[in-house]
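These notes concern the structure reproduced below.
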Amino acid sequence: QSRLVESGGGLVQPGGSLKLVCETSGFTLDTTAIGWFRQAPGKERERVSCISPSALTVHDAHFVKGRFTITRDMRAGIVYLQMSSLEPEDTAVYYCAAATQYYGSHYCGLAEIEYPHWGQGTQVTVSS
């Protein structure tokens, strides 16, 4: 059974850092693109970053501005989102998601619809 479980969220002060963890099971990461998304209160869910099956292609949203880094440990089946210089605007529930269609080892999709498998999310709150 395929499954995604996020952890690592919490309360952090502005300028602080968090490392989110997405534990996958039932997926083969070298043939599966993984995305991180977030949804703030009252807003639509938006993509944060994605990583291709090869891990050589990463697409960050415009608001990342070099503050977040997506990486993975293929052997462990884990995808990370290292976040630094956090701002109150980063407050949201963060989700990881897995794609099912394989479009090549260097492709990760930008659209939410390309990721049918989702975890339950982890809350990130940035506040002083």
Side-chain angles (χ1 to χ4, degrees):
Q1 183 177 355
S2 302
R3 194 168 175 226
L4 301 160
V5 179
E6 303 94 333
S7 62
L11 174 63
V12 63
Q13 292 187 343
S17 299
L18 282 175
K19 188 172 187 176
L20 304 185
V21 178
C22 174
E23 296 183 71
T24 75
S25 57
F27 296 98
T28 304
L29 292 187
D30 61 354
T31 58
T32 304
I34 300 293
W36 280 100
F37 294 77
R38 70 184 188 184
Q39 187 167 22
K43 295 187 177 181
E44 293 187 354
R45 191 157 55 189
E46 59 184 351
R47 180 182 56 84
V48 176
S49 185
C50 67
I51 187 166
S52 68
S54 68
L56 295 179
T57 298
V58 170
H59 290 301
D60 294 328
H62 65 92
F63 56 78
V64 169
K65 298 176 186 176
R67 301 178 299 134
F68 300 172
T69 303
I70 186 170
T71 58
R72 75 167 192 208
D73 180 337
M74 192 175 73
R75 183 179 301 180
I78 296 175
V79 179
Y80 301 97
L81 185 68
Q82 176 69 54
M83 304 188 296
S84 60
S85 301
L86 284 163
E87 304 167 350
E89 293 74 21
D90 296 315
T91 294
V93 178
Y94 284 70
Y95 302 88
C96 66
T100 50
Q101 288 294 101
Y102 179 75
Y103 293 108
S105 62
H106 304 310
Y107 178 86
C108 69
L110 305 182
E112 185 175 325
I113 195 171
E114 297 181 75
Y115 297 88
H117 301 284
W118 292 79
Q120 83 290 347
T122 186
Q123 175 70 48
V124 172
T125 302
V126 185
S127 175
S128 56

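What you are looking at is a predicted structure, and each value in this text was computed from that prediction instead of being measured.
- Distance alone, capped at 3.5 Å, places no donor-acceptor pair between the Ser2 side chain and the Phe27 backbone.
- Using a 4.5 Å cut-off on side-chain heavy atoms (C-beta onward), Phe63 and Glu87 make no contact.
- Panel note: side chain Gln13, backbone Ser128; no donor-acceptor pair is recorded below 3.5 Å.
- Just one residue in the list Val93, Val124, Asp90 forms a side chain to side chain contact (heavy atoms under 4.5 Å, CB included) with Arg38, and that residue is Asp90.
- Listed for the Arg72 side chain is no donor-acceptor partner under 3.5 Å among the backbone atoms of Ile51.
- Of the residues Tyr115, Tyr94, Tyr95, the one that meets the ring pair (Phe, Tyr, Trp, His ring centres under 6.0 Å) test with Phe37 is Tyr115.
- The same ILVMFWY cluster, assembled from side-chain heavy atoms under 4.5 Å apart, contains both Val58 and Val64.
- Between Arg47 and Glu112 no salt bridge is recorded (no basic side-chain N to carboxylate O distance below 4.0 Å).
- Here the side chain of Glu6 pairs a donor or acceptor atom with the backbone of Cys96 at under 3.5 angstrom.
- No donor-acceptor pair closer than 3.5 Å links the side chain of Thr125 to the backbone N or O of Leu11.
- When Leu81, Asp60, Leu20 are each tested for a side chain to side chain contact (heavy atoms under 4.5 Å, CB included) with Val48, only one passes: Leu81.
- Side-chain N or O atoms of Thr91 include one that pairs as donor or acceptor with a backbone N or O of Val126 at under 3.5 Å.
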(message) Assess the residue pair Ser52 and Ser54 against the criterion (side-chain hydrogen bond (donor to acceptor under 3.5 Å, both in side chains)); give the C-alpha distance rounded to whole Å, side-chain angles, the decisive distance to 0.1 Å, and a yes or no.
(response) CA-CA 5 Å; Ser52 68; Ser54 68; 3.1 Å; yes

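- Met74 and Val79 fall within the same hydrophobic cluster, where Ile, Leu, Val, Met, Phe, Trp and Tyr residues are linked whenever their side-chain heavy atoms come under 4.5 Å apart, directly or through other members.
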